[in-house]
Amino acid sequence: MILTAVIVAAIAFAHGASAGNNEDNGHKGPGHVVEGVAFDRYITIWLENTDFAAASADPNFQALTKQGLQLTNYFAVTHPSEPNYISTVGGEYFGMQNDDFTQVPANISTIVDLLEDKGISWAEYQEDMPSSGFTGFQSLNAQGKNDYVRKHNPLIIYDSVATVPARANLIKNFTLFQEDLKNNALAQWIFITPNMTNDGHDTNITFSSKWAIDFLGPLLKNPHFNGPKTLISLTFDENSTGRLQNRVDTVLLGNAVPRSLIGTQDAAFYNHYSDIATIEANWKLHTLGRYDVGANVFSFVAKKTGDVVRTLPDLDKTFLNASYPGVFNSGPKAPLPIPNTSLVVNHRTVLPKIVATWGSAALQKCTTYNGSLVVPSAANPPVLPQGC
Ligand SMILES: *[C@@H]1O[C@H](CO)[C@@H](O)[C@H](O)[C@H]1NC(C)=O
Ligand SMILES: *[C@@H]1O[C@H](CO)[C@@H](O)[C@H](O)[C@H]1NC(C)=O
Ligand SMILES: *[C@@H]1O[C@H](CO)[C@@H](O)[C@H](O)[C@H]1NC(C)=O
Ligand SMILES: *[C@@H]1O[C@H](CO)[C@@H](O)[C@H](O)[C@H]1NC(C)=O
Ligand SMILES: *[C@@H]1O[C@H](CO)[C@@H](O)[C@H](O)[C@H]1NC(C)=O
Ligand SMILES: *[C@@H]1O[C@H](CO)[C@@H](O)[C@H](O)[C@H]1NC(C)=O
Ligand SMILES: *[C@@H]1O[C@H](CO)[C@@H](O)[C@H](O)[C@H]1NC(C)=O
Ligand SMILES: CC(=O)N[C@H]1CO[C@H](CO)[C@@H](O)[C@@H]1O
């Protein structure tokens, strides 16, 4: 019975989505389009485990880079994969330093809460995910090879998404991506994960960059994907060499990138939290009250939103190559971190629902988020106040 209800809900949603299409507007997703300051659609595509130097030396990656704006000081936040993926939608990785089967408690909010609060549509597309909202650990192909993995699916790891069928159903596979594309029903916020072959995890940058250029080539010319104000971030979850700086090669593509910046570089300090910060600034969203608040907004967007792009002191000594203690650390533990519900950045306040859950004086005594650009790591862990 429950399954039937879920399927009915999914069909109802899909119907609503196509009913909302507007042929005059190449970027209209499900429902109405909420205009952003610098972009109306944000698409993130994550490849795997590649050092900045290796990506920037790859000919296919170079060809894509020429069509966009390259971020030369964009950092992953730790190792291995899973904490990086969850960081970019939740503003925190809870000390995780493994790729285990994890469920983030339902009282932890994500970008989904921020987007839905302003009526902005969203979806994830995970290649070879066997069914929408699948919560399993992995899915092997017919030959028994690695295909879909939960650790590369950021939102399914959060129970605030996975346990709500209407939300979980928006986490779909590439078959449904092609369908949504054809129907001009793509959402305004999209996260895309290729399978373990295509994303370079079980191959290498030669393979993943070929996949990326083959995948993106036609899509960049398709107004259902690259509408007049679409921004695409093509990046990597982490650098492949643990002992070195965790810098990854990131390219911003799409029609929202100002023409004058195509083929140029931006050397400001960014990290996976800059993704959320940029989205929050663009759509004037609330924040999560975590590391999203302190992160730099991408410069060209910040120029339009009035956000201040700051310089990181000691960039050369920033590695972000290991996790601090936390609930999901297999080693040293720390309590579930409490968002700082008083943080404000460029008029953006913490989502009221988060304040309602976490805003009591007793809890706020023990928050560690201070809105700084500095991202903690094993070498510079968050410091809990006395008595927490
Ligand atoms: C959040 O959920 C966790 C896990 O269920 C629980 O331990 C914690 O007390 C909750 N915190 C708040 C503020 O609701
Ligand atoms: C994609 O997801 C749909 C909906 O859950 C499912 O019916 C289909 O079998 C999946 N396709 C593949 C290739 O896994
Ligand atoms: C990954 O997807 C491609 C198609 O995009 C397919 O050819 C390949 O077999 C898939 N990899 C695995 C391990 O299933
Ligand atoms: C990637 O793997 C392919 C085939 O295994 C190999 O030919 C190619 O040189 C590799 N590329 C890099 C950058 O290691
Ligand atoms: C992180 O980088 C520092 C500086 O190179 C190094 O000392 C440390 O061992 C690295 N940590 C890990 C876990 O690789
Ligand atoms: C939480 O944010 C408020 C407002 O910016 C700030 O005064 C306070 O110091 C922050 N708490 C911590 C632990 O940094
Ligand atoms: C703010 O937090 C960062 C990251 O944990 C930390 O490095 C920095 O020292 C803190 N700043 C202040 C003023 O407490
Ligand atoms: C910033 C950066 O890319 N750091 C390193 C990641 O690992 C590679 C491979 O050893 C180094 O060359 C990079 O310098």
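Residues take their numbers from the sequence shown, with the count starting at 1. For ligands, and for the atoms within them, numbers begin at 1 and follow the listed sequence.
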Do the charged groups of Asp117 and Lys353 touch, with an N to O distance under 4.0 Å?
no
Going by the order shown, which atoms of ligand 3 are within less than 4.0 Å of some heavy atom of Asp128?
1 (C), 2 (O), 10 (C)
Can you find an N/O atom of Ser131 closer than 3.5 Å to an N/O atom of ligand 2?
no
Heavy-atom contacts with Asn321 under 4.0 Å: which atoms of ligand 5 show up? List them by number with element.
1 (C), 2 (O), 3 (C), 8 (C), 10 (C), 11 (N), 12 (C), 14 (O)
Numbering as shown, the atoms of ligand 3 that approach Asn198 to under 4.0 Å (heavy-atom distance)
1 (C), 2 (O), 3 (C), 4 (C), 5 (O)
Asn146 versus ligand 3: do any nitrogen or oxygen atoms come within less than 3.5 Å of each other?
no
Can an N or O of Ser132 be found at a distance shorter than 3.5 Å from an N or O of ligand 2?
yes
Would you say Phe269 ends up clustered with Phe319 if hydrophobic residues are merged whenever their side chains have heavy atoms under 4.5 Å apart, either directly or through other cluster members?
no
Nitrogen or oxygen of Trp211 less than 3.5 angstrom from that of ligand 3
no
Proximal ligand 3 atoms for Asn141, defined as those under 4.0 Å from one of its heavy atoms:
12 (C), 13 (C), 14 (O)
For Pro154 and Tyr85 the tightest heavy-atom approach is CB-O, 3.3 Å
Got the closest protein heavy atom to atom 13 (C) of ligand 2, with its distance?
Thr175 OG1, 3.6 Å
Just heavy atoms, cut-off under 4.0 Å: does Lys172 contact ligand 2 by side chain, backbone, both, or neither?
neither
Which ligand 3 atoms are under 4.0 Å away from a heavy-atom of Thr197?
11 (N), 12 (C), 13 (C)
Taking all heavy atoms of Gln245 and all of Asp316, pick out the closest pair and write down the distance.
NE2-O, 3.7 Å
So which heavy atom in the protein is nearest atom 5 (O) of ligand 3, and how far is it from that ligand atom?
Glu127 OE2, 2.7 Å
Should Arg167 and Asp159 count as an ion pair when the cut-off is N to O under 4.0 Å?
no
If the test is side chain to side chain donor-acceptor pair (under 3.5 Å), which one of Asn282, Asp275, Thr278 qualifies with Tyr42?
Asp275
Flag the pair Tyr74 / His272 as yes when their ring centroid distance falls below 6.0 Å, and as no otherwise.
yes
As an exercise, identify every atom of ligand 2 less than 4.0 angstrom from a heavy atom of Asn173.
1 (C), 2 (O), 3 (C), 8 (C), 10 (C), 11 (N), 12 (C), 14 (O)
For atom 7 (O) of ligand 3, decide whether some protein heavy-atom distance is shorter than 4.0 Å.
no
Run the salt bridge (Lys or Arg N to Asp or Glu O under 4.0 Å) test on Arg348 and Asp307 for me, step by step, so that the C-alpha distance in whole Å, both residues' side-chain angles and the decisive distance to 0.1 Å come before the verdict.
CA-CA 11 Å; Arg348 297 188 294 277; Asp307 281 270; 2.8 Å; yes
When the ring centroid of Phe191 is compared with that of Trp46, is the distance short of 6.0 Å?
yes
Could you identify the single nearest non-hydrogen protein atom to atom 9 (O) of ligand 2 and state the distance to 0.1 Å?
Pro130 O, 3.8 Å
With a 6.0 Å cut-off on ring centres, are Phe298 and Phe39 close enough?
no
Do any N/O atoms on Asn195 end up under 3.5 angstrom from N/O atoms on ligand 3?
yes
